[in-house]
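Below: one structure, written as C-alpha cells.
As a basis for the values below, the full set of heavy atoms in this structure was taken, side chains included, without hydrogen atoms, waters or symmetry mates.
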Amino acid sequence: MADINFNEMIRPSGERSAEPAVGTDPRPPRWDIVELLFFAYRDFVGDADHVLEAFGFGRAHHRVVHFVCRYPGLTVADLLDVLRITKQSLSRVLKQLLDEGYIVQKAGDSDRRQRLLFATAKGEALVEKLARLQTERIDRALRDLGPGGAETVGKFLRAMIDRDDPDKVLQTILHGGAIAKDVT
C-alpha cells in the first residue's frame, strides 16, 4: 500500500493545498454518506445489542446464529468465508452457542469430516426476535421513501458489496438461488 504524506497536503499555515496530491481523486470524500452509514449501522445493530447483552452475547454471536439459522446446513468453512474471520475468532463464539443450545453441529453425509451447522428452536427464536427489532427500524426508514424506495435501497446496498470473492451465502442473496446442502 502506498504511503500518503499528509504534510504535503497541509501548508505550514494550516491551510490545505489547493492542488490535490499527485494520484489523488480531486473530488472530496462523501463525508455525508460515510457518517450516515456509521450512525445507521450503530443504531441498526444497537437494537439487537441490548437484547444480546441479556444472554451474555455480542455482535459476533448475532452474526453466527443469524447465518446458521438462515442457511441451515452451512459448513463451518463456509461460515468462516461469510464472516471473513479466522478459525480462532469463530471458535469461542461457536462453542458458546453450541454449549448453550442455540446451534447444533452434525457431520456431513458424504464427508464425515464436514461440520454442518443448524440452529435449534432456541436459536431460531433468538434470530427471529432480533430480526423483528431490526425490521421495525428498516420499515420506519422505508416508510418515507415512497414506492420503489425499498428496491432503490436494495440496489444501493448490493452495489456497496465487494464481489471480488463472493461466498456461497452472498451468491445466494445476490442471485436468489439455493445453497447446495449436504444434510442428514
Short side-chain to backbone donor-acceptor contact, K122 and E100, under 3.5 Å: yes
Requested in this report: Indicate yes or no: at least one non-hydrogen side-chain atom of V82 is less than 4.5 angstrom from one of R63.
Outcome: no
Starting from V45, can I reach F55 by hopping between I/L/V/M/F/W/Y residues whose side chains sit under 4.5 Å apart? no
Carboxylate-amine/guanidinium contact D139 R137, below 4.0 Å
no
Would you say F156 and I161 are hydrophobically clustered, going by side-chain heavy atoms of ILVMFWY under 4.5 Å? no
Original post:
Any side-chain heavy atom of V64 within less than 4.5 Å of one from Q96?
Top reply: no
Handout entry: Backbone N/O of Y102 and side chain of T120: donor-acceptor pair under 3.5 Å
Key = yes
Any idea how F57 and H61 line up, ring-wise: parallel (<30°), tilted (30 to 60°), or perpendicular (>60°)?
parallel
Item to complete: Using the rule that two of Ile, Leu, Val, Met, Phe, Trp, Tyr join whenever any of their side-chain heavy atoms come within less than 4.5 Å, decide whether V51 and V68 are in one cluster.
Response: yes
Under 4.5 Å between side-chain heavy atoms, hopping through other hydrophobics if needed: is there a path connecting L130 to Y41? no
Scanning both residues in full, the closest heavy-atom pair of C69 with V127 reads CB-CG2, 3.8 Å
Q: Answer yes or no: is there a donor N or O on one side and an acceptor on the other, between the side chain of R112 and the main chain of G108, under 3.5 Å?
A: yes
Between R59 and D49 the two heavy atoms that sit nearest each other are NH2-OD2, 2.6 Å
Worksheet item: Between L157 and I138, is there a shared hydrophobic cluster once you connect ILVMFWY residues whose side-chain heavy atoms come closer than 4.5 Å?
Response: yes
Quiz prompt | Electrostatic pair R132:E128 at N-O distance under 4.0 angstrom | solution = yes
Please evaluate residues L94 and L117 with respect to the criterion side-chain contact (heavy atoms from CB on, under 4.5 Å), reporting the C-alpha separation (whole Å), side-chain torsions for both, the decisive distance (0.1 Å), and the verdict. CA-CA 10 Å; L94 187 56; L117 302 171; 4.2 Å; yes
query = Would a distance-only check, ignoring hydrogens and angles, find a side-chain to backbone donor-acceptor pair under 3.5 Å from Q134 to D47?
reply = no
